[in-house]
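Have a look at the structure below before the remarks.
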Amino acid sequence: MRYQKPKGTADILPKESKKWQYVEATAQQVFESYQFHEIRTPIFESYDVFERSSGESSDVVSKEMYDFYDKGERHIALRPEGTAGVVRAYVENKLFGPEQVKPYKVYYHGPMFRYERPQSGRQRQFHQIGVEAFGSTSPQLDVEVMAMAEQLLSKLAIKGMHLVINSLGDVQTRTDYHQALVDYLTPFNDELSEDSQRRLVTNPLRILDSKDKHDQEIVKNAPTILNFLTPESAAHFEAVQSGLKALGIDFEIDHTMVRGLDYYTDTIFEIMVTSPAFNNSEMTVIAGGRYDGLVKEFGGPDEAGIGFGIGVERLILLLDQDNEATQEQPLDCYVVKTSDAVAVPAFKILQSIRQAGFSADQDYLDRKVKGQFKNADRLQARFVITVGDSELAQNSVPIKNMATGVQVDMPLTEIENDFKSVIAKLN
RNA sequence: GCGGUAUUGGUGAAGUGGUUAACACACCGGUUUGUGGUACCGGCACGCGUGGGUUCGAUCCCCACAUACCGCCCCA
C-alpha cells in the first residue's frame with residue numbers, strides 16, 4: 001500500500017456520492033425557497049480571518065487550525081468553519097450596500113478542516129452545509145432560520161429530531177454572567193474535576209456541559225444566563241420563542257447550552273437527533289446562532305448576522321437506507337456486440353439511444369456474448385440489444401426485456417429515432 | 001497533545017517461529033456453435049501495513065513509524 005489518503009480524510013465513492021447529491025440538492029431546493037442563494041468562498045483564507053472571528057483563545061485557533069505558510073510567506077489557514085469566510089466576503093464585496101436587499105441571505109456547502117485527532121465521526125476534512133443572513137436583528141429572522149433548518153431535515157425524512165435553543169445575550173449579558181458564574185463556582189473549586197478547574201480559568205461557560213457527574217451536580221444550582229439577559233436580549237429571546245410557538249415548532253430551552261466560538265450573541269440553537277445510527281444517543285446535526293458583532297469586527301458596518309451549519313457526514317448517517325433518491329439508477333439499455341466487426345454500427349446505435357436521453361452502455365473488454373449479458377445483468381439493464389452481422393443485413397436488431405426475458409426484433413430506424421416508443425412496446 | 005485496540009488477497013476472514021498462507025464471497029475463464037440471473041470445473045496473496053531488530057530461520061517475538069477505530073481534551 002504505497003499511497004494512502006491523508007490522515008482524517010475520506011474518499012466519497014460513487015455509491016456514497018449519491019447520498020451527498022441528494023442532500024445537497026434538497027438543501028438547495030429548500031434554501032432557495034426561502035430566498036437564500038448560494039455563495040462560494042475560498043477554502044483557504046488568511047489565518048487572520050479565522051483568528052479574528054473565533055477568538056484568539058479558542059481551541060479552534062490555538063490548536064485545531066489547519067494552517068501553513070505559503071511560498072509567499074503568507075500565513076494561510078484551511079477554513080475550519082464557514083461563517084468567517086462568508087462574513088469576510090460580505091464585507092469585502094460591500095454587500096451591506098444600499099443596493100442590496102436586506103437581509104442578505106446566502107448558503108454554502110463544502111469541505112471544512114480541523115487539525116485534530118480523528119475519532120468517532122470526526123475527520124480533519126469534513127463537510128458542512130451552512131446558511132447566513134445579514135442585516136437584520138429581527139427575532140422573526142431567527143425563527144425563519146430555525147424553521148428552514150427543520151424543514152430541510154423533514155424533507156430528508158430525518159426522524160427523532162428536536163430543537164434546543166438558548167440565549168447568550170449581548171456583550172453586557174455575557175460579562176455579567178461570566179462573573180456570576182465564576183463567583184458561584186470558585187468556592188467549589190476543590191470539588192470540581194481537574195478539567196473543570198482548568199476551565200474555570202480558561203472558559204467557565206464550558207463547565208456547564210462537563211461530562212463529569214459531580215460537576216453536573218454542582219452546576220445544577222449555578223446561576224442561569226437567562227437571568228442575566230439585558231432587557232433588549234430578554235425581549236428578543238421572548239419574541240423568538242413566541243415566534244416558534246406561533247409556527248407550531250416545538251423546542252426546548254437549555255440554558256446550559258454554550259458555544260465554542262466567541263462570536264455568538266443572543267439566540268443559539270441546535271437540532272439534535274436520536275438515532276440508531278448514533279447508538280441511540282443524541283447527536284447534534286445542526287448548530288447555529290446569532291453573531292451580531294461579527295460584521296463590524298471584520299471592518300463592516302455594525303450589522304447583525306445569523307446562521308447555522310450542518311454536519312453533512314453526520315446527516316448522511318441518518319438518511320434512510322432505502323430512500324429511492326439515493327439508490328443507484330438501473331441502466332436503460334445495454335448493447336451487446338457479437339463480434340468486433342459490428343463495433344462501429346453498434347456504437348452508433350448506442351449513441352443514438354444516449355442522445356435520446358436514455359442511459360446506455362456497452363462492453364469495452366472484448367467479452368464474449370455471454371459475458372456481455374452477465375454485465376448487462378449486473379448493471380441491472382432493463383433492455384439488451386444484440387448487434388450482429390445478420391441482423392444488420394436486415395436492418396433490424398433483437399431487443400430483449402431483461403425482466404420478462406421477452407425478445408423481439410425491431411427495425412433499426414425505429415430504435416435509432418424513437419427509442420422511447422420501442423421500449424413502450426416491450427413493457 | 002494524551003491513552004487503548006487493531007493492521008493478512010478485491011471483500012469477509014483462518015493461521016503457525018521452519019516445506020505449497022485454510023475456507024468463503026466476489027471476480028475472470030470454461031462446461032463445443034452469438035444471450036443473463038442456477039449448477040459443475042478451473043484460475044486468482046512470490047505475500048501477511050512500513051522500516052528496523054532478535055533468530056540458523058519470522059506473517060507469527062521486540063522496537064519505531066504510518067493508518068484506522070474507540071476514548072480524553074475540544075468542538076464549528
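What you are looking at is a predicted structure, and each value in this text was computed from that prediction instead of being measured. Keep in mind that the numbers below use all heavy atoms, side chains included, and drop hydrogens, waters and symmetry copies. Every chain is numbered from 1 and lettered A, B, ... according to where its sequence line falls, protein lines coming before strand lines.
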Determine which bases of RNA chain B form Watson-Crick or G-U wobble pairs with both distances under 3.5 Å, and write the result as a 5' to 3' dot-bracket string with | for other-strand partners. (((((((..(((.....[....))).(((((.......))))).....(((((..]....))))))))))))....
Give, ordered by number, those residues of [range] having at least one heavy-atom distance below 4.0 Å to an atom of RNA chain B; if nothing qualifies, reply none.
range: residues 108-118 of chain A; result: A/R114, A/R117
range: residues 124-134 of chain A; result: A/Q128
range: residues 386-398 of chain A; result: A/T386, A/S390, A/E391

Tell me: [atom1] of [X] to [atom2] of [N], nearest whole Å?
X: A/D11; N: B/U67; atom1: CG; atom2: P; result: 15 Å
X: A/N375; N: B/C27; atom1: CG; atom2: C1'; result: 11 Å
X: A/L208; N: B/C75; atom1: CG; atom2: C1'; result: 16 Å
X: A/Y3; N: B/U50; atom1: OH; atom2: C1'; result: 14 Å
X: A/K7; N: B/C70; atom1: NZ; atom2: C1'; result: 14 Å
X: A/M272; N: B/C75; atom1: CE; atom2: C1'; result: 13 Å
X: A/E313; N: B/C69; atom1: CD; atom2: C1'; result: 16 Å
X: A/E64; N: B/G1; atom1: CD; atom2: P; result: 12 Å

Distance check, rounded to the nearest 0.5 Å: A/E313 atom CD versus A/Q128 atom CD?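 Between atom CD of A/E313 and atom CD of A/Q128 there are 9.0 Å.
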Classify the side chain of A/Q407 versus the base of B/U35 as yes if they form a donor-acceptor pair under 3.5 Å and no if they do not.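 Side chain to base: pair found, below 3.5 Å.
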Once hydrogens and angles are ignored, does a donor-acceptor distance under 3.5 Å link the base of B/C74 to the side chain of A/R122?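 Indeed there is one.
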Mind checking A/A287 for me? I need base, sugar-phosphate or nothing, with any heavy atom below 4.0 Å counting as a touch.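 Sugar-phosphate only.
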Under 4.0 Å, heavy atoms only, any strand: does A/G307 hit a base, just the sugar-phosphate, or nothing?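 If one applies the 4.0 Å heavy-atom cut-off, A/G307 turns out to touch nothing in the nucleic acid.
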If the condition is salt bridge (Lys or Arg N to Asp or Glu O under 4.0 Å), which residues does [X] pass it with, not counting sequence neighbours?
X: A/E191; result: none
X: A/K18; result: none
X: A/R198; result: A/D195
X: A/D332; result: A/R382

Quick one about A/D418 and A/S421 (side-chain donor to acceptor, distance below 3.5 Å, no hydrogens or angles considered), yes or no?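 Short answer, yes.
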Using distance alone, with no hydrogens and no angle criterion, decide if A/K337 and A/Q362 have a side-chain donor and acceptor under 3.5 Å apart.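 Short answer, yes.
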If we take the [atom1] atom in both [N] and [M], what is their distance in whole Å?
N: B/C73; M: B/C65; atom1: P; answer: 25 Å
N: B/C60; M: B/G18; atom1: P; answer: 11 Å
N: B/U8; M: B/G15; atom1: P; answer: 14 Å
N: B/A58; M: B/G53; atom1: P; answer: 11 Å
N: B/U50; M: B/G36; atom1: P; answer: 43 Å
N: B/A66; M: B/G49; atom1: C1'; answer: 8 Å
N: B/G34; M: B/A39; atom1: P; answer: 25 Å
N: B/G30; M: B/C69; atom1: C1'; answer: 43 Å

So does A/R40 have more than 12 non-hydrogen atoms from other groups sitting under 6.0 Å from CZ?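 For A/R40, atom CZ is not crowded (no more than 12 foreign heavy atoms under 6.0 Å).
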Tell me, yes or no, whether the heavy-atom count around A/Q351 atom CD, taken from other residues, nucleotides or ligands under 6.0 Å, exceeds 12.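 Enclosed.
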So, for A/F358 and A/F419, is the gap between ring centers shorter than 6.0 Å?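 Here the rings of A/F419 and A/F358 have centres that are less than 6.0 Å from each other.
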Taking the six-membered ring of A/F298 as reference, does the NZ or CZ atom of A/R88 fall below 6.0 Å from its centre and within a 45° cone about the axis?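 No, A/R88 does not lie over the aromatic ring of A/F298.
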Row check, A/Y66 ring normal vs A/R114 NZ/CZ: under 6.0 Å, within 45°: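 Geometry flag: not set, cation outside 6.0 Å or 45°.
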Pairing of A/E24 and A/K19 as salt bridge, 4.0 angstrom limit: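 Salt bridge: no.
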Over 60° means perpendicular and under 30° means parallel, so tell me whether A/Y184 and A/F188 are parallel, tilted or perpendicular.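 Ring orientation of A/Y184 relative to A/F188: tilted.
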Just to verify, what does A/E16 make a side-chain hydrogen bond (donor to acceptor under 3.5 Å, both in side chains) with, not counting sequence neighbours?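 Once residues adjacent in sequence are excluded, A/E16 has no partner under the side-chain hydrogen bond (donor to acceptor under 3.5 Å, both in side chains) criterion.
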Under the side-chain hydrogen bond (donor to acceptor under 3.5 Å, both in side chains) test, residues paired with A/Y90 that sit two or more places apart: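 Only A/E303 meet the side-chain hydrogen bond (donor to acceptor under 3.5 Å, both in side chains) criterion with A/Y90.
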Please state whether the phosphate of B/C74, meaning OP1 or OP2, lies under 4.0 angstrom from any side-chain nitrogen or oxygen of A/R198.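 The answer is yes; a side-chain N or O of A/R198 sits under 4.0 Å from OP1 or OP2.
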Nearest-nucleotide pick for A/Q4, side chain only, options being B/G34, B/C73, B/A66: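 Looking only at side-chain atoms, A/Q4 lies closest to B/A66.
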Letter by letter from the 5' end, nucleotides 36-44 of chain B scores (B base, S sugar-phosphate only, - none; protein heavy atoms under 4.0 Å) BB-------
In terms of the nearest nucleotide of RNA chain B, which residue is placed more toward the 5' end: A/R79 or A/R367?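 Final value for this comparison: A/R367.
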Closest nucleotide of RNA chain B for A/Q123 versus for A/V258: which of these residues is on the 5' side?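 Residue closer to the 5' terminus by nearest nucleotide: A/Q123.
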Which heavy atom of A/V384 sits nearest a heavy atom of A/V336, and at what distance?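 Heavy atoms only, the tightest pair is CG1-CG2, 3.5 Å.
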Just jot down the side-chain contact (heavy atoms from CB on, under 4.5 Å) partners of A/K425, sequence neighbours excluded, or say none.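 Once residues adjacent in sequence are excluded, the partners of A/K425 under the side-chain contact (heavy atoms from CB on, under 4.5 Å) criterion are A/M410, A/E414.
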